[in-house]
There are 4 protein chains.
Amino acid sequence: MSSTEQEDVRQEIRRGRPRSEAVERSIIEAVVNLLEEGAPLTEISIERIARTAGVGKATIYRRWKGKEELLCDVMKAIEPVDPPLPGTSVRDDLVAMLESLRQRGLAQRSSALLHNVFAQMKSSPKLWDVYHDTVVVARREMGRELIARGVAEGAIRADVPIDVLNDILVGPMLLRTVMRPDAELPEDLSERLVDLALQGLKPQL
Amino acid sequence: MSSTEQEDVRQEIRRGRPRSEAVERSIIEAVVNLLEEGAPLTEISIERIARTAGVGKATIYRRWKGKEELLCDVMKAIEPVDPPLPGTSVRDDLVAMLESLRQRGLAQRSSALLHNVFAQMKSSPKLWDVYHDTVVVARREMGRELIARGVAEGAIRADVPIDVLNDILVGPMLLRTVMRPDAELPEDLSERLVDLALQGLKPQL
Amino acid sequence: MSSTEQEDVRQEIRRGRPRSEAVERSIIEAVVNLLEEGAPLTEISIERIARTAGVGKATIYRRWKGKEELLCDVMKAIEPVDPPLPGTSVRDDLVAMLESLRQRGLAQRSSALLHNVFAQMKSSPKLWDVYHDTVVVARREMGRELIARGVAEGAIRADVPIDVLNDILVGPMLLRTVMRPDAELPEDLSERLVDLALQGLKPQL
Amino acid sequence: MSSTEQEDVRQEIRRGRPRSEAVERSIIEAVVNLLEEGAPLTEISIERIARTAGVGKATIYRRWKGKEELLCDVMKAIEPVDPPLPGTSVRDDLVAMLESLRQRGLAQRSSALLHNVFAQMKSSPKLWDVYHDTVVVARREMGRELIARGVAEGAIRADVPIDVLNDILVGPMLLRTVMRPDAELPEDLSERLVDLALQGLKPQL
DNA sequence: GCCTAACCGAGACGGTACGTCACGTCTTTTA
DNA sequence: TAAAAGACGTGACGTACCGTCTCGGTTAGGC
């Protein structure tokens, strides 16, 4: 199901030969393969995708309006699902949330595929927007709920807007994974960042 | 001065007609104008730049190897210089550092030019790398020195690697300016972020 | 009745839903309409015909092998029948034969439909061939019989092959109508051409 | 020199790299080769021409607006020049004029190239028009002058419009060569047609 | 005051990809 | 089984840029 027609759920009787799902899959798979070969986004032309997928160009344009829309669907196909939170304590859940970000960062470095998508997803504004609207916003919502729980439990101060608190927790890890692709990501990084955020940077007594 | 020939400083006797600096300027200015008109990076073709600048294509290729290299020089031309730190205290300097980031974020939203460059600078890896190597790294160095001073003065705990501390301070503001272009950036944001980072998120006694 | 299945007259028991004759008519009518709108043959695609006729493409391909065969049937549908000869004299019959050619020429100029078909029937060799084999050859046969009668009656010299005589009579009118679409076709042209051909171009005593 | 820019004779200073005549030649030659291989006009796509000529598509479109204009220039390149008239007598000149038409007809049958061009030149109205305007009209003018001379010399009757006389002479041969490609063209055909036209079809005393 | 080399604008050149259209075949549902 | 609808692989269309390559014409230093 392409992103352009998601709203087509209404029971319009689709006439004529139905679109082949196999074709849809092979197109997305072709993009994934090209990405895995390390091809930069600019070199992944629609014509090459069609050739790789063994598909006509028109078949691609019938489903997506352009390369960007197609890539959005590809991204959705690759994007891993966030793991459930342990739920033992607010602090542990915060650590788990950051840990999933760290894992994603590691995945980017190990998998040629993810690396390519993320490193160059900065490419198109639309692609970035979709990523932002689906992944980022969803995760932010998760963070907000978590922090609200912490505030209610008295573990987190109540005199600061939740969004600011969220940024303070998520920002550092995101800075490391997205903007500093060369930085190390030690195993205990999530714990340290959460604890530092909670306790502050001032010397402890 | 183009990035491709910086090493050409050695006193090779350049014969023939020297390259016109006016041409160089008008090319960069053309890109800036196109960017200001809101044209997405993909639509800014070399041919269009040449047309806008009233210049032959070869004249561009004589100076830069491609669009990316040209854009790197354009970026250098528009990138504002960081303001000096007040130096009154480590806390004030940290606030000033974050404040310069916040100003940049505001500029991106107000100036069509900066907005375009940044929002889509995620475009090309090379462009990103140049930005990273020149601007980001430079600013990180500034942060590192600042924090080192804070540690020496006893204002910041010494048991955490400086890079981690830096990320904790810079990350939240960067998250707000770069990755959440829709978020508000209140005037006292820098102060609040610094203070929160220093004091921690736990409820204060 | 399509040209591809003319030999299908034998009483093969046709099973399943019978082909709709109305569909057949509406397809040919669609072509005629498009032709009347002045569309050049190249722009009359099978898809457009199907759309105009409100018919599936397959329904067309089930009946004709391609556009040319379809057009042949269309041509048969619009080609007017030759009027009968008066039979009063050989000379009058020759005039009547040429007159029917002249009428056709005038029709081409007045009717957008005929004009289009003829002016560009030069299009496809197959279409031309069909026209030649059905219309031209048939008319030639008519001319041959007429001239043979004239020779038998002593009105036409017997020392020249009939085909040559036929060409001498028909050629000038055809040249005017087909190859010189701008030329005038005065009412007495047929008479004058026949008389000139009979009497010769030399000055009369 | 392409047909689209013939009027560019005015001494405009041509700037930029001049168009290569070799390229121009190789394009036309490519079309000629494809025609000689017997490819029907419809199968001779611009892309195939470009491929055969080892040339970019844009290079073709830079010179000609489309396939038709290109074919017009190709036709000019193939079209043989009419031989000079003997001038001994009006009758001999008329025979020579018809003979050149007959030769052209024979050439069409022998050379795969000419055959293809003429047999399918009926293709495009534009191509036909160009042929008409350059070749046909020119030849008609030749015929008109010839006949006017005959009338002045008293060899041809003066009471008939020259154009009609011309059609009576040229029509039969044209009918044979263009519209009846299967007909025989005996060596003495030109003489016989001229003599028959002059003397008339009535039995001679 | 030439000479010559490199510059400059313009634009032609062989390519590649674009997004659209039509081809003729196929695969659905509905009749 | 036919019919309407429309998806499918194919391939041409005409356009836009790519990066390279000529052109005629400038514009400097070195002779």
Side-chain angles (χ1 to χ4, degrees), chain A residues 13-20 22-24 42-51 53-67, chain B residues 13-20 22-23 42-51 53-67, chain C residues 14-20 22-23 42-51 53-67, chain D residues 13-20 22-24 42-51 53-63 65-67:
Chain A
I13 320 109
R14 300 288 264 139
R15 307 209 295 182
R17 177 175 174 177
R19 292 189 186 164
S20 158
V23 162
E24 199 124 346
T42 2
E43 290 182 14
I44 300 188
S45 60
I46 296 276
E47 301 222 320
R48 195 131 99 91
I49 294 169
R51 242 163 8 228
V55 139
K57 263 198 297 178
T59 301
I60 295 180
Y61 283 107
R62 205 173 284 124
R63 289 169 162 74
W64 298 278
K65 243 171 56 187
K67 193 158 62 177
Chain B
I13 321 109
R14 305 284 265 137
R15 310 209 301 178
R17 176 176 173 177
R19 292 190 186 165
S20 156
V23 162
T42 8
E43 289 182 14
I44 300 187
S45 58
I46 295 278
E47 302 224 319
R48 196 130 99 90
I49 295 168
R51 231 147 36 211
V55 141
K57 269 197 296 177
T59 304
I60 295 180
Y61 283 108
R62 206 174 284 124
R63 290 168 161 76
W64 299 277
K65 240 172 59 186
K67 191 161 63 177
Chain C
R14 305 286 260 137
R15 309 204 305 176
R17 176 172 171 180
R19 291 190 185 166
S20 156
V23 162
T42 10
E43 289 182 16
I44 299 188
S45 60
I46 294 278
E47 304 224 320
R48 195 130 100 90
I49 294 169
R51 231 150 34 214
V55 140
K57 271 197 295 177
T59 303
I60 295 180
Y61 282 107
R62 207 173 284 124
R63 289 169 162 76
W64 297 277
K65 242 172 60 187
K67 192 160 62 177
Chain D
I13 321 112
R14 300 288 266 141
R15 307 206 294 183
R17 177 176 174 176
R19 295 189 184 165
S20 158
V23 162
E24 200 125 346
T42 5
E43 290 182 15
I44 300 189
S45 60
I46 296 276
E47 302 222 319
R48 195 131 100 89
I49 294 169
R51 234 149 33 213
V55 141
K57 263 198 297 179
T59 302
I60 296 181
Y61 283 108
R62 206 172 284 124
R63 290 170 161 75
K65 242 172 56 188
K67 194 159 61 177

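To find a chain, count down the sequence lines: A is the first, B the second, and so on, and within it residues start at 1. Everything numeric in this text was worked out from a predicted model, so none of it was measured. All heavy atoms count here, side chains included; hydrogens, waters and symmetry mates do not.
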Notebook entry, point to check: Is D:K57 side chain donor-acceptor paired with the E:dG15 base, going by distance under 3.5 Å alone?
Noted result: no
[X] [atom1] to [N] [atom2], straight-line distance once rounded to whole Å:
| X | N | atom1 | atom2 | answer |
| --- | --- | --- | --- | --- |
| D:I46 | F:dT15 | CD1 | P | 11 Å |
| B:E43 | F:dC17 | CD | P | 9 Å |
| B:R19 | E:dA5 | CZ | C1' | 13 Å |
| A:R51 | E:dC18 | CZ | C1' | 13 Å |
| A:I60 | E:dA17 | CD1 | C1' | 13 Å |
| C:K65 | E:dT25 | NZ | P | 10 Å |
| A:Y61 | F:dG9 | OH | C1' | 16 Å |
| D:R48 | F:dA12 | CZ | P | 8 Å |

Restricting to non-hydrogen atoms, name the atom on [X] and the atom on [Y] that form the minimum distance, rounded to 0.1 Å.
| X | Y | result |
| --- | --- | --- |
| C:E43 | C:R48 | O-NE, 3.5 Å |
| D:G56 | D:A50 | C-CB, 4.3 Å |
| B:S20 | B:R63 | O-NH2, 3.0 Å |
| D:I49 | D:I60 | CG2-CD1, 3.8 Å |

Checklist line | salt bridge (charged side-chain N to carboxylate O under 4.0 Å, His left out) partners for B:K67, two or more places apart | finding: none
Check: How would nucleotides 22-31 of chain F be written as a contact map, 5' to 3', with B for base contact, S for sugar-phosphate-only contact and - for no contact, using protein heavy atoms under 4.0 Å?
Finding: BB-BBB----
Next item on the list: Could you tell me whether D:G66 contacts a base, only the sugar-phosphate backbone, or nothing, with contacts defined as non-hydrogen atoms closer than 4.0 Å?
Entry: nothing
Item checked: Closest-nucleotide 5' rank along DNA chain E - winner of B:G56 and C:I44 ->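 Nearer the 5' end of the strand: B:G56.
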Notebook entry, point to check: Which sits closer to the 5' end of DNA chain F, C:T59 or B:K67, going by the nucleotide each is nearest to?
Noted result: C:T59
Item checked: Residue whose nearest DNA chain F nucleotide is more 5′ - A:V55 or A:E47 ->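 Of the two residues, A:V55 wins.
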Item checked: D:A53: partners by side-chain contact (heavy atoms from CB on, under 4.5 Å), with sequence neighbours left out -> D:S26, D:I27, D:A30, D:V55
Next item on the list: Would you tell me if any nitrogen or oxygen in the side chain of A:R63 comes within less than 4.0 Å of OP1 or OP2 on F:dG6?
Entry: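 The answer is no; no side-chain N or O of A:R63 sits under 4.0 Å from OP1 or OP2.
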